[in-house]
Undergrad: 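Provided herewith is a single structure, encoded as structure tokens, for subsequent inquiry.
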Amino acid sequence: MQNIIFQPLGDTGIRVQFCEQVSSRLNKKIRSFCLLLKKERIKGIVEWVPAYDSVSVYYLPDQLTYHAICEELSTLSSYASRDKVEQRNRIFIPTLYGGEAGSDLDHVAVSNQLTKEEVIENHSGTDYLIYMMGFLPGFPYMGGLSKSICTPRLESPRLHVPAGSVGIAGEQTVIYSLQSPGGANIIGRTPVTLFDSSQENPFLFQAGDKIRFVSITEEEYEAIEQAVKNGSYKVRKEVFHDETKKH
Amino acid sequence: MLENKAEQQPLFKVIKPGLLTTIQDLGRTGFQKYGVVVSGAMDPFALQTANLLVGNRRDEACLEITMMGPELVVLSEATIAICGADLSPMINGKAAPMWKSIQLKKDDYVTFGAPQSGVRTYLSVSGGFDSPVVMGSKSTYQKAGIGKHVEKKDTIFGYAVNGKAGVGLMHTEIPRYRKEVELRVVKGPHMERFTKEGIDNFFNNVHLVSPQADRMGYRLKSKAIAHKNGADIWSDAIPFGGVQVPVNGQPIILMADRQTTGGYTRIATVISVDLSKVAQLVPGGKICFREVDVEEAQKLYREREQFLLQIKYFCRGDSSVKGKNGYSKRRVD
């Protein structure tokens, strides 16, 4: 793999910059690189954080010098290939749009000259690729929002956006995994839990998964919410077939 | 070292919680790729030293105490150490030594007075505190429902084992926390996004710590650090000590409770051995930044590791050397 640049993040981190346009293709390359990091278990590496066009690796400088980790990662990157990635899931997120759960749906509709139904249809009619995770535990950064429903962030962010809120922030769609301040236009809410530190696997998503929103009624919302509470709800997931696998 | 692990027992009754008292260890690593904030001690050096002086693993959890300390009643015999900011610790109303292990008896009363220097101090207990291990760490991150701040009437549990009292650092080895500091930094990944004048302003001016300085980050007041063309980047990982500059040109040093990722340009990263200086800096404090290269920063890191290892071997080793002189036989650079 060519066109990568190494940059130090102080004495305990290194940033691997991929000099390429952000795209689902680059995302696969980054996932392949991370898979190699996981397999190779290079001594002294603590963890790594994939992002849109970079991977940051944290390490212990008494076990690996900056020079040594550059060499290790450079070798690793030459083996990374888009074909060698782990299979990922398409995850279906039941979402109650509008009303109290999505108080900015009207605003999103009006500012895009659409009806509320058109916004819902548009938002739930497509897959969103998770490029990376960050901001909050279990929070996915997704790509793929249709230009026709993009809406600028709120001028002053809300102090408390409830967990599970689904929103549009500029050119991105978001789901808040925890209650937090936030500037997104909230169009709906899911009763599904995205992060639960008491579970063996606390995270619903990981980078490379795709999310599909499914519009539900209030009754369905309550039923799912109840099922989530008593632990009987299972989020629908399916392994997705990758269009870019040809080469 | 804990040869025989003790039973869990109540250690302290909290009479007053203090300004902000939390359980912290060296942080929750391994889950940043899922957005999980690292948390952990703001001053990792003070925390590790506090642990080693009572014979703990150096990554054991301590109480991180901020500015106004708590009032605690001792419920069972324990060996503790207090390292970090001098917040005037007292036992039964008498000044307690810092950077040295102390023996507590049942019904002793631990209090803190006026802050003398620094912001955060660490109280370790031989055997360690009992706190749920969530994703590999005892560190509190209340925002995500992981642990909680220490509150009035809480009982704090631990695994107290008898340690050695009187084991301490030499006077010359104790860090002095100042209100004006020079922080050594490695240049950040987005240097080319700043104007030459912006970079000059960063390195050649004094920066003031604003009142917005907490576990998440320290906002500074500076002569504006201008960007060539906006401050937005494709979001990426933020290291401990990363210096972010949003569009207003005012830098923020990102600390233990920082978000894992962010979308603003970063001009520098404070080197590991200087993070304590930030963690112990009060609002109104002054900062100058000086560039070092990554090799120099790593050399300093390794020296710090060496120092901590020496403390560890010392505390584990010769029991006859304990006493007021502490490490008198050790060479100090």
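The model shown is predicted, which means the values in this text are computed figures rather than measured ones.
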Undergrad: Can you check side chain to side chain donor-acceptor pair (under 3.5 Å) on Tyr141(B) and Ser197(A), steps first, answer last?
TA: CA-CA 11 Å; Tyr141(B) 184 55; Ser197(A) 63; over 6 Å; no

Undergrad: Among all residues two or more places apart in sequence or in another chain, which pass the side-chain hydrogen bond (donor to acceptor under 3.5 Å, both in side chains) test with Glu296(B)?
TA: none

Undergrad: To the nearest 0.5 Å, tell me how far Asp62(A) CG sits from Arg302(B) CZ.
TA: 8.0 Å

Undergrad: Relative to chain B, which segment of Leu9(A) carries a heavy atom at a distance below 4.5 Å: side chain, backbone, both, or neither?
TA: both

Undergrad: Atom CZ of Phe135(A) and atom OG1 of Thr260(B): how far apart are they, to the nearest 0.5 Å?
TA: 10.0 Å

Undergrad: Heavy atoms under 4.5 Å from chain A: which residues of residues 33-46 of chain B carry them?
TA: Lys33(B), Tyr34(B), Gly35(B), Val36(B)

Undergrad: Checking Phe31(B) against chain A: side chain, backbone, both or neither under 4.5 Å from a heavy atom?
TA: both

Undergrad: With a 4.5 Å heavy-atom cut-off (strictly below), which parts of residues 225-234 of chain A touch chain B? List them by number.
TA: none

Undergrad: If I measure from the heavy atoms of chain B, does Pro140(A) come under 4.5 Å with its side chain, its backbone, both, or neither?
TA: neither

Undergrad: Hey, does Val186(B) have a side-chain heavy atom less than 4.5 Å from the side chain of Asp11(A)?
TA: no

Undergrad: Would you please go through residues 241-251 of chain B and name the residues with a non-hydrogen atom below 4.5 Å from one of chain A, in numerical order?
TA: none

Undergrad: At a heavy-atom separation under 4.5 Å, does Gln298(B) approach chain A through its side chain, its backbone, both, or neither?
TA: both

